[in-house]
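What follows is a set of notes on a single structure, which appears directly below.
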Amino acid sequence: MTQQHLHHHEHDHHQSAEHDFSDTHSTHSKSEPQHTVLCCLCGTSIHPNPTSMCFTCLQSQMDITENFAREEILMWCRECERYLQPPKYWMPAELESKELLTLCLKRVKGLQKREIKLVDAKFLWTEPHSRRLKVQITVQKEVLAGAKLQQSFVVEFVVKNFQCDACKTSYTKYDWVASVQVRQKVDHKRTFFFLEQAILKTNQHSDCINIKEAPDGLDFYFSSRSHAHKFKDFICSVSPTHVEVSKQLVTHDTKSNVFNYKHSLSCTLAPLCREDLVCLPPMISSSLGGLGPIALVNRVNQAIHFLDPRTLKTNEISSSMYFKHQFTPVMTSRNLLEFYVLNVEPLESTFAHKKYQLCMAEIVRSDEVGNENEIQFVKTHLGNILGPGDTVLGYDLLRSNFNDVALHKVKKSKIPDVVLVRKVYAKKQNRKFKVKKLPIQQTSSEEKHKDDFERFLDEIEEDEEIRGAVRLFKAKDNSSGGSSGGGAGPQRTLSKKDKRKLKKQQAQEKETSEETVSGEALPDIADNYLESDNEDDED
């Protein structure tokens, strides 16, 4: 709204207020003559009132904004870019945002009085580097017998640098008060990849001072003990966790009886992951209604869900029950082998399942295709997606050696020769989605866990439940070709020798991909799961 429009608006409002002011003091009826007096300042004829002044002169003589301070101070931490809301709360706010305007109005003393009514408030333009914020505030107040006076004034806020407590502790020797040590004794990082995405989606890392990589997990550091316990509760809600709490004395003052401790919360995750093969102990198997004893880990969240691949029977155990009767997987995803499907015959099952279907599959190991003596018939739960000619991954129990005490006690008739786990799909050159990562201080190279991360991305594409628990972002189109146009800039021209090497390399990659994967590919993820990445837009 321009200055002229504001002037007309205030003029109309003053006229209406003047009309109300005169009406409230006209106590005579219409039949009786109305007496008038002259304004003591300008001589205008008005109705009698205690001030003997017209509304215009009253407005010029009275200032309802005189008790408001025209200058205030805002504390701003330039490390974390947050403003101080007294006494101790630090809030993030952008320039000229609603949050910053609310904070500025709270700093103005007197606006909270009952007789003062806030009509309007807005920022006025200032130089970005001036460290000044100007807010124009319009207030209204009843000054005399129903006459409301409205005036505007400008408050200037001086932004001063002040380090918040979190940034202070980050520069001291004892920079953290509590730490959460998350550990899992497994030979892969798939669980931590999912945990990382769950943390990012719920913004649980906002209170972390630092995140460091450990040999078997991650260490999260916090400046407050309450923040660490809140993060620990989140970890327990994502995966079965055993928690141990300890503390270490840092300093103490014998005179004032003040002790400073460092608190450590050790969270040990259950060493079971999706697609692991387990042999359930007899007590666990009987408590689950005779499930197993050979079963697959179907899903892991607050509880551990098991699936019998030969009967489609499912059940689960709680975190407390698992850590009371701990057991480790017999085989993990590292032991999966490729099998070639020759034929599939559907079977009827007493246990219905929405996702799986029981069938009898005729399979042979991929490295022994053509050898009729190695053909095997197995019951599997993948009857709804398998077909002749598909490639499937599974566990070969017939040719494996085990060191599991519970498995040796199971009768051989109850141990299948092969347990099929999942179907193999064709790999895509470019994924249409990507995921973000936490700012972790790495102690090992990312190439070491590249296969585990690729498998985690495959699980996102295959399982809709995992897809819903992860924030996915649209990936840039990395596809490029020699004849396609629309490049981002000038490209280096390749020599004939380099072109021949490039064609040879592409041909080898194409041959290896066709030999190792099936022809069928997973459908692309729907666009409603994907979010736009602001960082890419800025780039």
Side-chain angles (χ1 to χ4, degrees), residues 79-80 166-167 169-225 227-248 250 262-274 276 300-301 328-329 332-334 434-460 466 469-473 533 535:
E79 297 292 333
C80 57
C167 295
T169 55
S170 63
Y171 290 99
T172 57
K173 182 178 179 180
Y174 303 105
D175 56 344
W176 56 273
V177 177
S179 68
V180 179
Q181 303 171 357
V182 186
R183 300 289 185 269
Q184 188 183 33
K185 304 293 184 179
V186 292
D187 56 353
H188 59 80
K189 292 288 184 180
R190 287 163 51 200
T191 303
F192 285 97
F193 288 141
F194 176 76
L195 181 63
E196 179 182 19
Q197 299 305 316
I199 292 172
L200 286 169
K201 183 171 184 178
T202 55
N203 200 25
Q204 294 290 332
H205 64 292
S206 59
D207 297 324
C208 290
I209 295 177
N210 194 10
I211 306 175
K212 292 183 179 180
E213 184 183 14
D216 294 323
L218 297 172
D219 292 339
F220 299 86
Y221 298 94
F222 300 88
S223 60
S224 174
R225 184 183 175 186
H227 293 162
H229 280 276
K230 177 185 175 183
F231 187 80
K232 179 260 300 179
D233 295 337
F234 170 76
I235 297 295
C236 295
S237 66
V238 174
S239 178
T241 310
H242 176 68
V243 181
E244 294 182 359
V245 181
S246 61
K247 62 181 180 180
Q248 180 184 2
V250 179
K262 274 189 173 183
H263 302 269
S264 297
L265 286 77
S266 177
C267 299
T268 304
L269 306 182
L272 296 180
C273 190
R274 191 169 174 264
D276 286 350
V300 178
N301 42 36
T328 56
T332 64
S333 57
R334 303 278 189 186
K434 67 176 183 178
V435 294
K436 291 187 176 181
K437 293 189 175 182
L438 287 172
I440 303 174
Q441 292 186 6
Q442 300 285 347
T443 58
S444 61
S445 62
E446 294 183 358
E447 295 293 330
K448 184 178 179 181
H449 308 293
K450 185 177 180 180
D451 294 338
D452 293 334
F453 185 69
E454 288 296 326
R455 176 55 198 150
F456 171 68
L457 297 180
D458 292 339
E459 289 182 349
I460 293 176
I466 297 178
V470 176
R471 290 187 68 184
L472 303 179
F473 298 89
D533 191 358
E535 294 180 0

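If you're wondering where the values come from, they're calculated on a predicted model, not measured in any experiment.
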Is there a side-chain contact (heavy atoms from CB on, under 4.5 Å) between Gln181 and Ser264? Walk through the geometry before answering. CA-CA 7 Å; Gln181 303 171 357; Ser264 297; 4.3 Å; yes
Reported [atom1]-to-[atom2] distance for the pair [X] and [Y], which is rounded to 0.5 angstrom:
X      : Y      : atom1 : atom2 : result
Arg455 : Ile460 : CZ    : CD1   : 10.5 Å
Leu218 : Gln441 : CG    : CD    : 11.5 Å
Lys189 : Leu195 : NZ    : CG    : 11.0 Å
Ile211 : Ile199 : CD1   : CD1   : 7.0 Å
Ser179 : Asn210 : OG    : CG    : 11.5 Å
Ser237 : Asn301 : OG    : CG    : 9.5 Å

A side-chain contact here means heavy atoms from C-beta on lying under 4.5 Å apart; do [X] and [Y] qualify?
X      : Y      : value
His227 : His229 : no
Phe456 : Asp452 : no
Arg334 : His188 : yes
Thr332 : Val186 : no

Can any side-chain N or O of Ser239 pair as donor or acceptor with the backbone N or O of Ile235 at less than 3.5 Å?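 No; zero donor-acceptor contacts below 3.5 Å.
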Under the side chain to side chain donor-acceptor pair (under 3.5 Å) test against Arg190, which residue among Glu459, His449, Gln184 passes?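 When side chain to side chain donor-acceptor pair (under 3.5 Å) is applied between Arg190 and each of Glu459, His449, Gln184, only Glu459 qualifies.
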Positive for side chain to side chain donor-acceptor pair (under 3.5 Å) with Arg183, one of Thr268, Asp219, Thr241: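 The residue from Thr268, Asp219, Thr241 that satisfies side chain to side chain donor-acceptor pair (under 3.5 Å) with Arg183 turns out to be Asp219.
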Looking only at heavy atoms, what is the nearest atom pair of [X] and [Y], with distance?
X      : Y      : answer
Val435 : Gln197 : CB-OE1, 3.6 Å
Cys267 : Val180 : SG-CG1, 3.8 Å
Val243 : Cys236 : CG2-SG, 3.8 Å
Cys273 : Thr191 : SG-OG1, 3.8 Å
Ser224 : Val177 : N-CB, 4.4 Å
Leu438 : Glu196 : N-OE2, 2.7 Å

Ring pair (Phe, Tyr, Trp, His ring centres under 6.0 Å) against Phe453, all qualifying residues, sequence neighbours excluded: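 Phe193.
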Gln248 CD: over 12 foreign heavy atoms closer than 6.0 Å: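 No, because the 6.0 Å sphere around CD of Gln248 holds 12 heavy atoms or fewer from other groups.
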Using the ring-ring contact (aromatic ring centres under 6.0 Å, His included) rule, collect all pairs that involve residues 204-223, keeping only residues at least two apart or in two chains.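 Those involving residues 204-223 are Trp176-Tyr221, Phe220-Phe231, Phe222-Phe231.
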For Asp216, what residues pass the salt bridge (charged side-chain N to carboxylate O under 4.0 Å, His left out) criterion, not counting sequence neighbours?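 With sequence neighbours excluded, Asp216 shows a salt bridge (charged side-chain N to carboxylate O under 4.0 Å, His left out) to Lys185, given in chain and number order.
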